[in-house]
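On a predicted model such as this, the values are computed, not experimentally measured, just so you know.
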Amino acid sequence: MNSKVDAKIIAIVLAAGAARRFGRPKQLERWPAPAGPTFLERALANAQAAGANEIILVTGNAAVQIEAIGRDWAQGADQNYRAVFNPHWQAGQGFSVAAGVQALGPEVAAAVFFLADQPRLAPTTGAALVAAFKAANDENAIIFPMYGGKRGNPVLFGRAHFAALARLEGDVGGRAIVKAHPEYVREIEVADPAIHEDIDTPQDLSNL
């Protein structure tokens with residue numbers, strides 16, 4: 001593995017979901033409404049704040065609109081960025097995780113997975129995961145943020161798990177990999193209750 005200083009870390013923003021319960025692409029919603037940044041822009045900003053060398057945006061539902069927002073944001077933020085399309089976006093998040101990981105090069109030491117429906121996530125949370133990975137210097141590491149004794153998102157996976165992540169299908173995400181390798185899991189406390197939030201319905205959004 002590269003040195004702690006040189007370790008290349010990628011942020012993967014999962015923004016391909018069908019948002020069936022929400023009724024429209026929630027990645028395009030704004031918070032605070034009606035004039036705040038979109039959920040997608042907030043997720044991208046959090047990925048940048050984590051200190052990622054590059055951001056990979058995984059698209060599917062409303063891909064043209066979402067890729068346009070991502071491209072404009074990256075230009076304004078001067079951030080290395082690219083979008084990859086998940087053709088199986090309707091079949092579950094596992095395919096999106098796999099699409100993001102399949103786009104990684106062999107030089108990447110770890111990937112942090114951000115969800116596009118956590119608009120109140122603190123910018124410091126992703127950065128804490130990255131700092132913990134660099135301190136551990138362990139490509140087997142799986143790092144979760146913890147608040148109130150409960151794990152949340154985003155989650156960081158070291159390079160040792162990329163092959164398994166790249167084979168994911170359906171709506172299982174990385175849970176099976178975490179369950180199979182509890183010895184590699186690290187938990188770090190963060191002062192961010194939003195790691196447990198996700199916006200699935202319009203009522204969830206109005207509750208914010």
Walk me through it: do Ile56 and Ile10 pass the test side-chain contact (heavy atoms from CB on, under 4.5 Å)? CA-CA 7 Å; Ile56 294 177; Ile10 304 299; 3.9 Å; yes
When you look at Asp192 and Thr124, which way does the side-chain contact (heavy atoms from CB on, under 4.5 Å) test go after all the steps? CA-CA 9 Å; Asp192 184 7; Thr124 53; 5.8 Å; no
Quick one: are Val178 and Phe144 in side-chain contact, heavy atoms under 4.5 Å? yes
Look up atom CG in Leu28 and atom CD1 in Ile69, then write down how far apart they are to the nearest 0.5 Å. 5.0 Å
Show the atom names and distances, to 0.1 Å, of all donor-acceptor pairs under 3.5 Å that link a side chain in residues 162-171 to residues at least two apart or in another chain.
unit_1, atom_1, unit_2, atom_2, d
Arg167, NH1, Ala163, O, 3.4
Asp171, OD1, Gln93, N, 3.0

Residue pairs, two or more places apart or on separate chains, that pass salt bridge (Lys or Arg N to Asp or Glu O under 4.0 Å) and touch residues 9-19: none
Validation row: Leu115, Gln118 side chains within 4.5 angstrom (heavy atoms): yes
Distance, nearest 0.5 Å, that separates CZ of Arg120 from CD of Glu197: 4.0 Å
Less than 4.5 Å apart, side chain to side chain, heavy atoms only: is that true for Phe157 and Phe113? yes
Look up atom CE in Met146 and atom CZ in Arg151, then write down how far apart they are to the nearest 0.5 Å. 7.0 Å
side-chain contact (heavy atoms from CB on, under 4.5 Å) test vs Lys26 passes for just one of Asp117, Asn61, Thr38, Leu40, namely Asp117
Output for pair (Leu129 CG, Phe114 CZ), nearest 0.5 Å, gives 7.0 Å
Stepwise, does the side-chain contact (heavy atoms from CB on, under 4.5 Å) test hold for Glu54 with Val108? CA-CA 10 Å; Glu54 182 182 25; Val108 177; over 6 Å; no
Do Asp138 and Arg186 make a side-chain contact, defined as non-hydrogen atoms from C-beta onward lying under 4.5 Å apart? yes
Could you check whether any side-chain heavy atom of Ile143 comes within less than 4.5 Å of a side-chain heavy atom of Ile188, counting everything from C-beta outward? yes
Could you measure the distance from the CD atom of Glu41 to the CD atom of Gln27? Nearest 0.5 Å is fine. 12.5 Å
Does any part of the side chain of Phe95, heavy atoms only, come nearer than 4.5 Å to the side chain of Gln90, both counted from C-beta? no
Working note: Gln79 + Trp73, criterion side-chain contact (heavy atoms from CB on, under 4.5 Å); need CA distance, chi angles, decisive distance, verdict. CA-CA 8 Å; Gln79 169 68 51; Trp73 175 89; 3.9 Å; yes
For Asn86 and Gly60, indicate whether the former's side chain and the latter's backbone hold a donor-acceptor pair under 3.5 Å. no
Does some side-chain heavy atom of Val190 sit less than 4.5 Å from a side-chain heavy atom of Ile195? yes
Does any non-hydrogen side-chain atom of Ile55 lie less than 4.5 Å from one of Asn80? no
Single hit among Pro193, Pro154, Pro145 for side-chain contact (heavy atoms from CB on, under 4.5 Å) with Leu121: Pro154
If you look at every heavy atom in Lys134 and Ile9, which pair is closest and at what distance? CE-CD1, 3.8 Å
